[in-house]
J.: 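Next up is a structure, given as structure tokens.
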Amino acid sequence: MKKIATSLTAIFLACLLLAGCGSLDVRNASEKQFTVEEATLTLTSAFTQTTMDGYTGCFDSPTVAVLLLKESFDLMDGFGDYSLEDYAQLVYQSNASRNPGEVQQENGLTYLEYEFHNDDDGKDYKYFTSMYKAGTAFWLVQFACETSKYDDYRPDFIRWAGTVTFSDM
């Protein structure tokens with residue numbers, strides 16, 4: 001439960017990954033699959049796998065960061081009985097003070113979007129946070145870029161979020 005409450009608050013650290021923004025368009029690189037524990041997603045070869053405290057997996061590129069958070073069903077009694085919609089509402093409520101958009105469903109995805117201002121670099125970032133229920137855990141997969149580039153990348157975020165699969169299903 002603690003991870004849910006901190007999932008969006010620790011995001012500013014991810015923005016540090018984006019500090020080295022360059023001109024490479026991550027969409028032009030070849031597709032590449034990445035696996036973190038039982039989760040697999042398809043991004044591009046412009047991403048490199050890295051680590052960040054508090055996250056199950058992280059991927060960085062010159063313009064986009066991707067963060068994965070696994071929240072095991074054994075975090076609390078009955079957590080595994082929650083539906084994906086219940087979990088999404090819990091994530092939304094836990095982060096309501098940060099003004100996320102409402103939980104939405106599109107193209108088979110359950111997600112919410114929000115903006116974050118990073119005081120360290122003075123930039124605004126926007127996040128597409130997709131949520132999943134796997135065999136033993138809920139997962140958050142967050143795609144982030146500078147707010148000014150978000151509309152360009154949003155279709156890619158949706159496409160990449162749609163590639164997420166779990167080996168424990």
Side-chain angles (χ1 to χ4, degrees), residues 1-18 34-43 51-60 64-119 123-147 149-169:
M1 192 63 99
K2 181 179 176 187
K3 287 182 181 181
I4 292 172
T6 61
S7 65
L8 298 178
T9 60
I11 293 304
F12 78 93
L13 295 174
C15 296
L16 297 175
L17 294 173
L18 297 173
F34 294 92
T35 300
V36 175
E37 296 189 16
E38 62 268 13
T40 299
L41 73 158
T42 302
L43 300 169
T51 60
M52 183 182 297
D53 287 342
Y55 288 91
T56 311
C58 301
F59 303 95
D60 191 22
V64 173
V66 182
L67 307 161
L68 287 80
L69 178 66
K70 176 183 178 180
E71 300 198 279
S72 177
F73 292 158
D74 63 10
L75 285 176
M76 65 181 180
D77 287 339
F79 195 40
D81 296 330
Y82 281 39
S83 68
L84 179 57
E85 292 75 20
D86 294 335
Y87 175 72
Q89 286 304 314
L90 184 61
V91 170
Y92 175 83
Q93 291 166 3
S94 295
N95 294 285
S97 65
R98 287 157 192 82
N99 298 315
E102 293 292 325
V103 173
Q104 299 180 57
Q105 294 186 342
E106 178 182 343
N107 296 333
L109 298 172
T110 299
Y111 68 93
L112 57 82
E113 298 169 284
Y114 68 95
E115 291 186 38
F116 176 82
H117 178 76
N118 184 341
D119 290 329
K123 294 181 180 179
D124 294 319
Y125 296 91
K126 192 161 182 180
Y127 292 78
F128 183 94
T129 302
S130 53
M131 294 160 265
Y132 307 86
K133 184 175 184 178
T136 61
F138 288 103
W139 286 78
L140 289 175
V141 179
Q142 300 179 308
F143 301 87
C145 67
E146 288 185 39
T147 301
K149 299 174 183 172
Y150 185 81
D151 289 341
D152 289 336
Y153 281 110
R154 188 178 187 276
D156 300 293
F157 295 166
I158 291 170
R159 181 170 47 86
W160 293 331
T163 71
V164 177
T165 60
F166 302 94
S167 61
D168 67 347
M169 294 292 290

J.: Quick one: do Y132 and L109 satisfy side chain to side chain contact (heavy atoms under 4.5 Å, CB included)? Show the steps, please.
T.: CA-CA 8 Å; Y132 307 86; L109 298 172; 3.9 Å; yes
J.: Taking side-chain contact (heavy atoms from CB on, under 4.5 Å) as the test, write out the residues that go with A88, two or more places apart.
T.: V103, T110, M131
J.: Within this structure, what is the OG1-NE2 distance for the pair T147 and H117, rounded to the nearest 0.5 Å?
T.: 10.0 Å
J.: If you take all heavy atoms of V91 and N95, which pair is closest and at what distance?
T.: O-ND2, 2.8 Å
J.: Please list, chain by chain and in numerical order, all residues satisfying side chain to side chain donor-acceptor pair (under 3.5 Å) with T35, sequence neighbours excluded.
T.: T40
J.: If we only count heavy atoms from C-beta on, is the L41 to F59 side-chain gap below 4.5 Å?
T.: yes
J.: Once rounded to the nearest 0.5 Å, what's the spacing between atom CZ of F166 and atom CD of E38?
T.: 7.5 Å
J.: What residues, two or more places apart in sequence or in another chain, satisfy side chain to side chain donor-acceptor pair (under 3.5 Å) together with Q104?
T.: Y111
J.: Hey, what do you get for CD (Q105) to OG (S130), rounding to the nearest 0.5 Å?
T.: 12.5 Å
J.: Between F116 and N118, is any pair of side-chain heavy atoms under 4.5 Å apart?
T.: yes
J.: For T136, give me all partners under side chain to side chain donor-acceptor pair (under 3.5 Å), at least two apart in sequence or on another chain.
T.: D168
J.: With E37, which residues qualify under salt bridge (Lys or Arg N to Asp or Glu O under 4.0 Å), at least two apart?
T.: K70
J.: In terms of ring plane angle, is the pair F79 and F73 parallel, tilted or perpendicular, where the classes change at 30° and 60°?
T.: perpendicular
J.: Mind checking whether Y153 and F143 have ring centres under 6.0 Å apart?
T.: no
J.: Nearest 0.5 Å, what's the CE-CG distance between M52 and D60?
T.: 8.0 Å
J.: The criterion is side-chain contact (heavy atoms from CB on, under 4.5 Å); which residues satisfy it with D86, sequence neighbours excluded?
T.: Y82, S83
J.: Does E106 have any salt bridge (Lys or Arg N to Asp or Glu O under 4.0 Å) partners at least two apart in sequence or in another chain, and if so, which?
T.: R154
J.: Who passes side-chain contact (heavy atoms from CB on, under 4.5 Å) against T42, sequence neighbours left out?
T.: E31, Q33, T163
J.: Among residues at least two apart in sequence or on other chains, which ones pass side chain to side chain donor-acceptor pair (under 3.5 Å) with S72?
T.: D74
J.: I'd like to check the ring-ring contact (aromatic ring centres under 6.0 Å, His included) partners of Y150; sequence neighbours left out, ordered by chain and number.
T.: F157
J.: Hey, are the side chains of V64 and L43 touching, using non-hydrogen atoms and a 4.5 Å cut-off?
T.: no
J.: Are any of the side-chain heavy atoms of T56 and W139 separated by less than 4.5 Å?
T.: yes
J.: Roughly how far, to the nearest 0.5 Å, is the SG atom of C58 from the CZ atom of F34?
T.: 12.5 Å
